[in-house]
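Written out below as structure tokens is the structure these notes cover.
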Amino acid sequence: MTVQNVSSFAMGQWIAPGAGARPIASAIDGKIIAQSGNDALNVGDMMTYAREVGGPALQKLTFHDRARMLKALAQELNKHKDALYDLSYLTGANLRDHAFDIDGGIGTMFVYASKGRREMPDSHVYMDGPPEQLSRNGTFLGQHVCTPLQGVALHINAFNFPLWGMLEKVAPTLLAGVPAIVKPATATSYVAELGVRIMIHSGILPDGALQLISGGVGDAMENLTCQDVLSFTGSAYTARKLRGHAAILDNAVRFVAEQDSLNASILGPDAVPGTPEFDLFVKEAHREMTTKAGQKCTAIRRMIVPESHAQAVADALSAKLAATPVGDPRDTANRMGALVSADQKQDVLERAEILATEATRVFGDPDGFTPNGDPNGAYISPMLFLCENPDAAQRVHDTEAFGPVSTIMPYRDVDHAMELANRGGGSLVTSVITHDGDVARKAVMSAGAWHGRIYLNDRNSMAESTGHGAPMPHMIHGGPGRAGGGEEMGGVRGVKHYMQRTAIQGSPDMITAVTGRWQPGAAESTAGAHPFTRRFHELQIGETLHTAPRTITLEDIEHFAHFTGDTFYAHMDEDAAKRNPFFPGRVAHGYLLLSFAAGMFVQPDEGPVLANTGLDALRFMQPVSAGDVIKVRLTVKHKTPRNDEYGEIRWHVTLTNQEGALVAEYELLTMVAC
Ligand code: NAP
């Protein structure tokens, strides 16, 4: 087999390995398959290139442009999935594992592409939360906005998920408008390199938006500024070294760390043997031990179970592990592949030895183990430990054996279970398998502060649940303390890690000008023609229609009540309505007012308005009685293109009475032809 040169991609050029290159062995037979690294790589220059070329090019695009770019990249990666699978086998991963790393990585990119289009504006400034009224008359407002950092994101990744680990960071970074430099772990860098090659060769990305370091990071750390982000995934040991670097401390560089974690899974006291929850617990525990041969940052390291069922869990899980063939990941008969390298295997064996000082091994003998694969491959037997006295133990709570190794710990009651879960010192995820809502609530109250994610599963959700160990792009991934104190993904939250949040204060006109969203109190305009006769691109932010007035009569209220069946007493019975603290007497239905409003502002002829798709933030502020006169104001608040045919117009609508007092306010959504 030829040795693959794992190149870097720097300043638009592919740079092959050179002086200082390190050999990389295959996980499945120990043979050298690749080399990576080049001491001559100038990472400082790459960072300057990213800031000066990639950043400005990305920042010219809107969030929607960048979201479309992510979708195109994900489609391109999808086309080359088989090539990625083929390389990935050499890391010890099997087809099931590819679903997490390769499909999961591409899927994450698709989710960001979709969220960028649905939840972010087609402009350059992201509004973070609603405007704040800072003055009595509304002439001075506050608004938090996010704009892209003007630096570079340096992503240093762990070996276990070479594709997912890269894409889950690259997607929110590019969506934010920030260029990325990716440094994969050397052991599996050949998979990440192929991923980058596919993305670069697609021609979808602007120059300088994505670069790749294969090998060491050179002078990267010294070159970090306050506009950069260092996002690290790996061991606590490396995280500590990076976190303490002078440039990080001196320049207050954003540093996100996702590190190792002693994740737990708790079997609820109700989940006794014979219940669907007991079987579910064993199934998930088995999956977490064997997927990626246990090399998952989220894998279950500690199983916290009622003391009366500890032996039953040990027996059921041992039986499943015994029926799990381990060997060559390309052979689908094998359910578990190899660790990434012989070094990793050695590391796992050493840590299992540490666990053995406080716990008894109840499954898996590393010495008497024969895999269904090359003897030089990094295969290892799954190992299950039982720690009878987890209160007195320490190493079972702080030793991460990054392989198919887990420890069962008995608990007395739910408080004790949570106490044990929290002894991991902060984790990425804890699961609670229970059908009892009280147990779930107690778990969240006493363990929420210690864990980035709490995964609750039972008979009702098990068929569709996403798995203890699978971080979802919609939800945050990260955890306190031992887990690194970082946070990634979580939908748009993850994009904000690469943007600066700034508090903008000014008049409604200024806030409208900055954000592209009309604010009440800002200037209104009129085009002369009715806005419903104007196409998407013709409508202007702030364009307003004021309707003629309409008087509400008792007949209107009666008619609406009988027509709809809404004969609630406040609309029908004067005395009863008067006894209600909210009403002066019989009042008009809120929905009657909305319906009248539509009748007052609509332009009925066939025209560019295609459909009413919803209504947001509806508030009724004042009751309307028979004899009151209402008027409607309709203003273009925001425009979101959807496709070549139509876009969404968000209208700000107010209803006022004869005294000019606000009686109702809402945002109306319509699709309008382009
Ligand atoms: P690692 O040894 O800490 O390496 C992680 C990354 O840091 C690699 O890219 C490595 O590059 C790089 N690195 C090492 N020393 C460095 C330095 N002085 N300066 C700059 N970069 C440096 O961790 P690993 O063995 O790859 O990964 C396994 C660990 O990661 C496990 O403990 C696991 O729990 C954790 N992990 C956590 C998460 C999470 O999301 N929380 C996810 C996956 C893994 P080289 O490979 O070139 O040395």
Side-chain angles (χ1 to χ4, degrees), residues 6 8 17 20-24 34-38 41 43 91 100-101 104-105 108 154-166 168-169 181-190 192-193 212-222 224 230-245 247-248 255-263 292-301 339-341 343-348 351 398-403 405 424 426-429 451-453 469-471 476-489 494:
V6 184
S8 296
R22 277 158 59 190
I24 304 171
Q35 57 169 342
S36 166
N38 188 335
L41 193 69
V43 181
T91 70
F100 285 87
D101 188 29
T108 297
L154 179 62
H155 298 161
I156 300 181
N157 297 333
F159 71 79
N160 55 339
F161 286 109
L163 201 76
W164 176 83
M166 172 168 72
E168 60 104 0
K169 291 184 204 256
I181 298 180
V182 176
K183 184 264 178 283
T186 299
T188 55
S189 54
Y190 46 95
E193 193 235 37
L212 172 72
I213 301 171
S214 296
V217 295
D219 57 355
M221 296 301 293
E222 288 74 30
L224 289 167
L230 173 58
S231 180
F232 169 79
T233 301
S235 62
Y237 172 78
T238 311
R240 192 182 320 114
K241 264 210 309 214
L242 298 178
R243 184 181 272 120
H245 193 282
I248 300 263
F255 178 61
V256 182
E258 298 294 346
Q259 58 196 46
D260 51 25
S261 166
L262 274 295
N263 312 296
K292 286 290 290 188
Q295 299 164 113
K296 261 167 76 185
C297 54
T298 48
I300 298 168
R301 305 291 171 207
L339 294 176
V340 74
S341 63
D343 283 352
Q344 187 61 24
K345 179 174 166 182
Q346 187 54 35
D347 189 70
V348 171
R351 296 192 194 212
D398 68 15
T399 305
E400 183 202 44
F402 202 57
V405 182
S427 88
L428 295 169
V429 52
H451 309 274
R453 181 160 60 92
I476 58 159
H477 172 59
R482 173 76 192 241
E487 197 180 284
E488 294 182 319
M489 300 198 296

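Counting starts at 1 for both ligands and their atoms, following the listed order. Here the structure is a predicted model, which means the values were calculated and not measured.
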For Phe161, is the NZ or CZ atom of Lys296 found under 6.0 angstrom from the centre of its six-membered ring and inside 45 degrees of the ring axis?
->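 Pair Lys296/Phe161 does not count as cation-pi.
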Backbone of Ser36 reached by a side-chain donor or acceptor of Ser214 within 3.5 Å = no
Side chain Glu487, main chain Gly479, donor-acceptor under 3.5 Å |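 Here the side-chain-to-backbone pair does not exist.
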Would you please test Glu488 and Ile476 for side-chain contact (heavy atoms from CB on, under 4.5 Å) and show each step?
-> CA-CA 6 Å; Glu488 294 182 319; Ile476 58 159; over 6 Å; no
Would you please write out the protein residues whose heavy atoms approach any atom of ligand 1 to under 4.0 angstrom, listed by chain and number?
->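 These residues qualify: Arg22, Ile156, Asn157, Ala158, Phe159, Asn160, Lys183, Pro184, Ala185, Thr186, Val217, Phe232, Thr233, Gly234, Ser235, Thr238, Lys241, Leu242, Glu258, Gln259, Asp260, Cys297, Glu400, Phe402, Leu428, His477.
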Working to the nearest 0.5 Å, report the span between CD of Gln344 and CD of Gln346.
->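 The CD atom of Gln346 is 10.5 Å from CD of Gln344, to the nearest 0.5 Å.
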Got Phe402 and Lys292 here, is their nearest side-chain heavy-atom distance under 4.5 Å?
->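 Phe402 vs Lys292: side chains apart.
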